[in-house]
Protein chains: 2
Amino acid sequence: MMELTRKGEYAIRGIVYLAKQSPGKVILVSEVAEATGVPQTFLAKIFQSFAKLGLVNSFRGTGGGFLLGRPAAKITLRQVVEAVEGPIIPNRCLSDEGNCGRTSECTVHPVWRRIQEEIAAILDGVTLEDLAKGKKSL
Amino acid sequence: MMELTRKGEYAIRGIVYLAKQSPGKVILVSEVAEATGVPQTFLAKIFQSFAKLGLVNSFRGTGGGFLLGRPAAKITLRQVVEAVEGPIIPNRCLSDEGNCGRTSECTVHPVWRRIQEEIAAILDGVTLEDLAKGKKSL
DNA sequence: GGTAAAAAAGACAAAAACGGTCTTAAAGGG
DNA sequence: CCCTTTAAGACCGTTTTTGTCTTTTTTACC
Ligand code: SF4
Ligand code: SF4
């Protein structure tokens, strides 16, 4: 239940690898893919979506590649996860569309809201800097 | 991300409906299905798996139906969810098989473990009695 | 015993999500 | 112009989800 997809796992591995590089260094997606054990074309797709959101910057052509879009300390794990998996929604009644009509009187609904908040808070509390430097964030 | 399936949602709705009945009363799956807005045959499957785990008791034939297998206060939301969705595994490295080989040195792994523990704790803290009686459990 | 009422069990299947690949285009360096 | 590298999007096989349908078994009641 509630399992991160491979896309999400790959996304984290890939961007954490970038965060471990010296700031400003441009890295090839092929290098990241090999180092992290992620299928290259799949990782390329993931990085493209990161680029759209500004999480990473990209350069094309010879000498191109990827690097973080802002300092590792300013990127949270939540931002990374939500970039590829969408918002954290433990149950559909927490999304705008998924209203089941019972939300107001439902006694279960607040439980899911609480879980949503807890997960979000944990992921908000971890930055790429923490992950890259191996900080004991717990 | 991390969304409860419809099966899980239906399971909760169905068993909470049972928990709202006066103890000992036998209820038809057709009644539960109608009251909760769940497809009857699907709910029947769910209740069958509940029965195997002892979460509910069932009686066949005329006058048959379902009732809780033990007092509502002794059934947690976690037990219900895990009965139909399996264990709470936010990332595959938390399952026995899903070992990615980096678990020991990975800095992300502890984050998922923490999330797993938090979700489990929240769901452990809510019983069917709470849900049936509308207790403000948060 | 016969019949009707229910759950149990399991096969079946459409639709969606997942986990990628492949091709083509665009941009940049030399 | 040619090579490298990312961008964009079509495509596709597999698995999971979300059920349905049929048959069997159990039980109550007449
Ligand atoms: S938890 Fe309650 S509000 Fe949310 S989908 Fe289920 S019944 Fe509806
Ligand atoms: S979080 Fe770390 S240990 Fe878990 S699957 Fe990802 S790389 Fe492996």
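Throughout, a chain's letter reflects where its sequence line sits, starting with A, and its residues are numbered from 1.
Minimum atom distance to the side chain of B/Thr62 is reached by C/dA4, of the listed C/dG19, C/dA4, C/dT21. Among D/dT5, C/dA6, D/dT20, the nucleotide with an atom closest to any side-chain atom of B/Leu28 is C/dA6. Among the nucleotides C/dG19, D/dG19, C/dA8, the one closest to any side-chain atom of A/Thr5 is C/dG19. Of the candidates D/dT20, C/dA7, C/dG19, the closest approach to any side-chain atom of B/Phe66 belongs to C/dA7. With distances taken from any side-chain atom of A/Val29 to the nucleotides D/dA7, C/dG19, D/dT6, the minimum falls on D/dT6.
Regarding A/Leu4, its CG atom lies at a distance of 17 Å from the P atom of C/dA17, rounded to whole Å. Residue A/Glu3 contributes atom CD, which lies 13 Å from atom C1' of D/dT15 at whole-angstrom precision. Computed from coordinates, the A/Glu9 CD to C/dG20 P distance equals 12 Å when rounded to whole Å. In this structure, A/Leu43 places its CG atom 14 Å from C1' of D/dA7, rounding to the nearest Å. The nearest whole Å value for the distance from the CD atom in B/Gln40 to the C1' atom in C/dA5 is 12 Å. Between the C1' atom of D/dT5 and the CG atom of A/Asn57 lies a distance of 16 Å, rounded to the nearest Å. Here C/dA7 presents its P atom at 16 Å from NZ of B/Lys52, a figure rounded to the nearest Å. Here C/dA8 presents its C1' atom at 5 Å from CD of B/Gln48, a figure rounded to the nearest Å.
Across every non-hydrogen atom of B/Leu43 and B/Val38, the tightest pair is CB-CG1, 3.7 Å. Here the closest non-hydrogen pair linking A/Ile88 and A/Glu82 is N-OE2, 3.3 Å. Residue B/Gly134 comes nearest to A/Thr107 through the heavy atom pair CA-CG2, 3.3 Å, listed as atom of the first residue, atom of the second, then distance.
Nearest-nucleotide mapping onto DNA chain C: of A/Arg60 and A/Arg6, the residue sitting toward the 5' end is A/Arg6.
Residue contacts shown for B/Thr41 include a base, since a base heavy atom lies under 4.0 Å away. When heavy atoms are screened at a 4.0 angstrom cut-off, B/Phe59 is found touching the sugar-phosphate backbone but no base atom.
Under 4.0 angstrom from either OP1 or OP2 of C/dG20 there lies at least one side-chain N or O belonging to A/Tyr10. For A/Ser58 and D/dA7, the shortest distance from a side-chain N or O to OP1 or OP2 is below 4.0 Å.
A/Ile46 and A/Phe59 are assigned to two separate hydrophobic clusters, defined by single-linkage of ILVMFWY side chains at heavy-atom distances under 4.5 Å.
If you check distances only, the side chain of A/Lys45 never reaches the base of C/dG19 with a donor-acceptor pair under 3.5 Å.
A salt bridge links B/Arg92 to A/Glu3: one of the charged nitrogens lies within less than 4.0 Å of a carboxylate oxygen.
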